[in-house]
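Comments concern the structure below.
Fair warning: this is a prediction, and the values are worked out from it, not measured in the lab.
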There are 2 protein chains.
Amino acid sequence: MDSDYGVPRELSEVQKKRALYQPEVPPCLQGTTVRVEYGDAAIAADPAGAHVISQAFPHTYGQPLAHFLRKTAVVPDAKVISEHPAVRVGIVFCGRQSPGGHNVVWGLYEAIKAHNQSSKLIGFLGGSDGLLAQKTLEITDDVLSSYKNQGGYDMLGRTKDQIRTKEQVNGAMASCQALKLDALVIIGGVTSNTDAAQLAETFAKAKCATKVVGVPVTLNGDLKNQFVETTVGFDTICKVNSQLISNVCTDALSAEKYYYFIRLMGRKASHVALECTLQSHPNMVILGEEVAASKLTIFDITKQICDAVQARADKDKNHGVILIPEGLVESIPELYALLQEIHGLHGRGVSAENISSQLSPWASALFEFLPPFIRKQLLLHPESDDSAQLSQIETEKLLAQLVETEMNRRLKEGTYKGKKFNAICHFFGYQARGALPSKFDCDYAYASSCSFFFSYKANCLWVINHVGCWFQVLGHVCYHIIAAGLNGYMATVTNLKSPVNKWRCGAAPISSMMTVKRWSRGPSATQIGKPAVHMASVDLKGKAYELLRQSSSSFLLEDIYRNPGPLQFEGPGADSKPISLCVEDQDYMGRIKKLQEYLEKVKSIVKPGCSQDVLKAALSAMASVTETLNIMTSSSPGQTQLS
Amino acid sequence: MDSDYGVPRELSEVQKKRALYQPEVPPCLQGTTVRVEYGDAAIAADPAGAHVISQAFPHTYGQPLAHFLRKTAVVPDAKVISEHPAVRVGIVFCGRQSPGGHNVVWGLYEAIKAHNQSSKLIGFLGGSDGLLAQKTLEITDDVLSSYKNQGGYDMLGRTKDQIRTKEQVNGAMASCQALKLDALVIIGGVTSNTDAAQLAETFAKAKCATKVVGVPVTLNGDLKNQFVETTVGFDTICKVNSQLISNVCTDALSAEKYYYFIRLMGRKASHVALECTLQSHPNMVILGEEVAASKLTIFDITKQICDAVQARADKDKNHGVILIPEGLVESIPELYALLQEIHGLHGRGVSAENISSQLSPWASALFEFLPPFIRKQLLLHPESDDSAQLSQIETEKLLAQLVETEMNRRLKEGTYKGKKFNAICHFFGYQARGALPSKFDCDYAYASSCSFFFSYKANCLWVINHVGCWFQVLGHVCYHIIAAGLNGYMATVTNLKSPVNKWRCGAAPISSMMTVKRWSRGPSATQIGKPAVHMASVDLKGKAYELLRQSSSSFLLEDIYRNPGPLQFEGPGADSKPISLCVEDQDYMGRIKKLQEYLEKVKSIVKPGCSQDVLKAALSAMASVTETLNIMTSSSPGQTQLS
């Protein structure tokens, strides 16, 4: 027998109630008609990389942004088509499970069925493996029934492999052609969306009819850029983890004798750790981005924690809670360099047992200094994206041990007079990844996948658009634009900090989210010069980090722990959103739209025949604007992501 | 400055809503009058130990059970007293924090203030340390405001020390006298309630006026006997852990490549592991009680798990979730024996570094076989109750390693043909212990502490009763019985599986819950012959275990994982209770009451003057009942707890 994917699950009371929840949809998707407006061609934020990207993606770079709007006026040349061909759309979970993934499938299903009951949504089983092997499951009401608003990826399963080699890309194309797919929807994070863009480009070049689109789903929250405010799953993960961190804080405060070192899943960036800190107010968090920016060594970090323990002991506090992102180990310069050497040796086929003897003298010295458990973990084979197996490296234990040794030394020396230092270590990750998605993630996933669950009216025109879903659009002008085959887009829902009725739906070309790495070392040096959607680090100039910085000393010394409580689906807390999302004033898509309106307004005021004064005023003002922007954009290569 | 105990906390939205929740109280406590009925003198369930117990507790053994009932009739000699002296009651958290502890304080506070606003509830800070050092905090509305229905013990703090040595007991008595306490309420588990009984006895003997009473609060759920159905905190811990286990199950099913080994906090008995299994349906659970009963060695257990992995691989399942109670290590005969040797050496003052060289040959051989990480953990100093530091011993890692080694061997040999075995280990404990208490625990704690929150009416008689709280009782007969100073009781709320309006409130002498160990080895041999409230093991003949046994093969092979969802305070799931509590048909107190009624009925029917036939029928029937019971009770020494 094969796997258990897609079999109906027995649901608990809470799950049954959740299964009945109908996600809220933004107003632009509620009516019977949606207006699609196209903006200018989207460019990459990194001007220095734009040329490389445009060369790598000749068919899919430079496509326009799309905004989906509420129908506001009758468009004169709207054409009514009442017959719509059935379409076939494939969907695949790529990368690690993230709460809300199932709702992407559900939303998409509702949208395509609303268009034509004969349309089919085909799920690939076991992620990219299933895509290549054409292992499929047709999504039906029955299949969906026990997965609506539920966690995990067990409806379809997943692998974490990439779709990157020529063989893999061709295999994917062969599957799409064999299954006669009109569109392929890829659910995943930075790596999978890079793959989606690459597939879209390759398909376009090969004149494969399948359009490829991506949906930003990853618990790490690191797919974040001008078009994407947050990812599906991040909210749930942070809520579940914050609850547990808060419980541990309460525990620390009750027992008054332990220091808890908690490592959080979230890959290289520290978004989860930052958000959980803002939600639960632990005493300390060591963000990878801070460590990298200040080039702190493992000893600097140890000293920082020891000094904090000592400062707290002076206030008679012998307990505490310290958060550590799992990516920290790659942010500590000497450990990162050691990892790079190890991975390089792996790449050259050296077996794990023999690696330690082939390290450079300095790397070998560091390696020998580390406790045995962590040596073994550092020797693990790197992931498919060349990064270390972060979930397996117990940095929290390493730090706890180093801190303990140092505190014992200080105690002996008499420079520390508090109680004996006691540490308890935790890794919070797997226990959150399969959680029931929060309301926010349910809504966001549903709206993302098919911004588009509005009831189908047969007398309107529907076309498959670039997010792989169906939009009811007015007029065959739009029809032609869309049917022309926009491809390589990512579904975007923005202004997420506002209530659902203010959300903006749209789509942006994935290639415009790419950057080009110009430096790298170790095995990942092969990525140099290749455009990719890179993970976004925590912005140390951003508002969320600012909020942390303002409170960090009171978090450290005053124990103002905050307990958001367990994830609630009703009552207070049920509608809360990530704090970092709410303080970061994003809404890039909204502003792009607003700018367009200003430019149109200027054009409409300053028409030939307007007064000399009006024209002069416009010229003067626009000259100044243009000059300012020129200066700003010519000095921007610093924005390139170097990591 | 001193600790942060009792300072007002900033509450989150969810916490604020919880703080407003008014626990439900059973009807018997709702009226303005409560009737107290006394049953027969309570005896110990273990007849063989009864003599020893009665000798050890001459002042407090053999006291009657008390039932609190709704006022059903006007009692003719009720006397109205409108003046009540103010009382002073002390309260102390003993042992580890358990969700709901704060509600015991709140309930008690409401009860004593309802009686006389000048009465005082005095909390001891930092547990038994605070009791001995007379560090106190007077409980007020202000102090309580941010702790109602909240988790942790941070309002008062705790230690986990016992109050057992002569010095400690005398210190406690000195504090109670210095603070002029009318009653001392001890919140805790088996150990702390044993201490409470001992204090009660000592105080009585020394004619100290303070009455000592216990409240059963422990997350372990192992204070369980004919009078106590479950403990405060058990429900919350099981719900929080089951949620996490379920998330991990969903994760396993999504990724299809990991085996998760999850160790659960809960001390020596496996109640938490059993309940979590019934709630979340993982593939396997290794109950300590099963292992002890079957005398399984660590290799037997490893083989059992390996066979399960293999059976699952045959069905193409390469993932799974296995629960392990933290007490398992003490249930495995050879590991227990090793621990006993180690603790014996600790007791003789041998330092941890030197212990391994002084072990007996066989223990030494086993010790050397074990991986270094677990050796270090086994060498930790035992707890104050002589048991191993269960929370620190990573049995799950030991088992995962042994299983991995064996599966690799089988893979090489070709007897196992599944995917490479991958294990991920977790310990769930600290992250649940500080959780917001469930509705059930809020209600149970509140009702337990002061079964007695009914509005105070000045025209009724209130007396301090043996559970350290105030009851409004009818008639000065009761007044004299209670005021005579019943002491050494535990508050009991029974029939808990039914809705709150069916709960029965009462009190039972702690000494009647005691048993006497007749065998033991190692350092705990000093406990031989001393009566104590011992932890209850999972009853392998009980209904909860039966339920597990019925489902275990489908749990193992069919992945019928169940996700109860996160702890909810509203909507479905909010009112759920432990499954083991609901299937175990307890209500011992209710049956004792019912029996009394039958006996009374017989007496009232068969009065002098009744017919010869009625008398003969009664005699015949009663003779048969008496004979049956004689046979049953004379063969019961097997019930003595030996562990």
Q: Heavy atoms only, distances under 4.5 angstrom: which of V248(A), I262(A), N247(A), I424(A) has the most pairs with chain B? Name it, please.
A: N247(A)

Q | E10(A) atom CD, over 12 foreign heavy atoms within 6.0 Å | A | no

Q: Using a 4.5 Å cut-off on heavy atoms from C-beta on, say whether the side chain of R18(B) contacts that of P572(A).
A: no

Q) Using a cut-off of under 4.5 Å for heavy-atom pairs, which of G157(B), G151(B), A255(B), G127(B) has the most such pairs with chain A? A) A255(B)

Q) Given that the side chain runs from C-beta out, which part of I560(A) has a heavy atom under 4.5 Å from chain B: side chain, backbone, both or neither? A) neither

Q) Top residue by heavy-atom pair count (under 4.5 Å) with chain A, among V14(B), D251(B), D559(B)? A) D251(B)

(Q) Given heavy-atom pairs under 4.5 angstrom as the criterion, report whether the side chain, backbone, both or neither of F428(B) touches chain A. (A) side chain

Q | Point-to-point distance, once rounded to the nearest 0.5 Å, from SG of C425(A) to OH of Y430(B) | A | 11.0 Å

(Q) Using modelled atom types and a 3.5 Å cut-off, is there a donor and acceptor pairing between side-chain atoms of S254(B) and backbone atoms of Q97(A)? (A) no

**Q.** Intermediate values then yes/no, side-chain contact (heavy atoms from CB on, under 4.5 Å), V240(A) and Q243(B)
**A.** CA-CA 10 Å; V240(A) 174; Q243(B) 165 208 355; 4.2 Å; yes

Q | K257(B) portion near chain A, given a 4.5 angstrom heavy-atom threshold | A | side chain

Q | Donor-acceptor contact below 3.5 Å, side chain S12(B) vs main chain R562(A) | A | no

**Q.** Residue part contacting chain A, namely of L11(B), when any heavy atom lies under 4.5 Å
**A.** neither

Q.
Counting only non-hydrogen atoms closer than 4.5 Å, does Q568(B) touch chain A with its backbone (N, CA, C, O), its side chain (CB onward), both, or neither?
A. both

Q: Kindly check if the number of other-residue, nucleotide or ligand heavy atoms within 6.0 Å of NZ (K420(B)) is above 12?
A: yes

(Q) Within the 4.5 Å heavy-atom criterion, are L244(A) and L244(B) side-chain neighbours or not? (A) yes

Q: Mind ranking N563(A), L567(A), T159(A) by heavy-atom pairs under 4.5 Å with chain B and telling me who comes out on top?
A: N563(A)

Q: Measure I245(A) against the heavy atoms of chain B and call it side chain, backbone, both or neither at under 4.5 Å.
A: neither

Q) Is the number of heavy atoms from other residues, nucleotides or ligands under 6.0 Å of K16(A) NZ greater than 12? A) yes

Q.
Before you tell me yes or no, could you show the steps for N241(B) and Q431(A) under side-chain contact (heavy atoms from CB on, under 4.5 Å), namely the whole-Å CA-CA distance, both residues' side-chain angles and the distance that decides it to 0.1 Å?
A. CA-CA 10 Å; N241(B) 282 334; Q431(A) 59 266 65; over 6 Å; no

Q. Side chain, backbone, both or neither: which part of Y260(A) has a non-hydrogen atom closer than 4.5 Å to chain B?
A. side chain

Q: Measure distances from L253(B) to the heavy atoms of chain A and classify the residue's part below 4.5 Å as side chain, backbone, both or neither.
A: both

Q: Check whether E558(B) gets within reach of chain A through its side chain, its backbone, both or neither, counting any heavy atom under 4.5 Å.
A: backbone

Q | Rounded distance (nearest 0.5 Å) linking atom CG of D154(B) with atom OH of Y561(A) | A | 10.0 Å

Q.
For Y5(B) and E256(A), which I'm curious about, is there any donor-acceptor pair between the side chains at under 3.5 Å?
A. yes

(Q) Out of A435(A), P99(A), G152(A), return the one with the most heavy atom pairs under 4.5 angstrom to chain B. (A) A435(A)

Q) Measuring heavy-atom distances to chain B, does H281(A) have an atom under 4.5 Å in its side chain, in its backbone, in both, or in neither? A) neither

**Q.** Residue pair L436(A) / P566(B), side-chain heavy-atom distance below 4.5 Å
**A.** yes

Q: Measure the spacing between CG of N422(B) and CD of Q392(A) and express it to the nearest 0.5 Å.
A: 8.0 Å

Q: Side chain from CB out, backbone as N, CA, C, O: work out which of these in R96(B) comes under 4.5 Å of a heavy atom of chain A, or both, or neither.
A: neither

Q | Heavy atoms of other groups near Q389(A) CD, more than 12 under 6.0 Å | A | yes

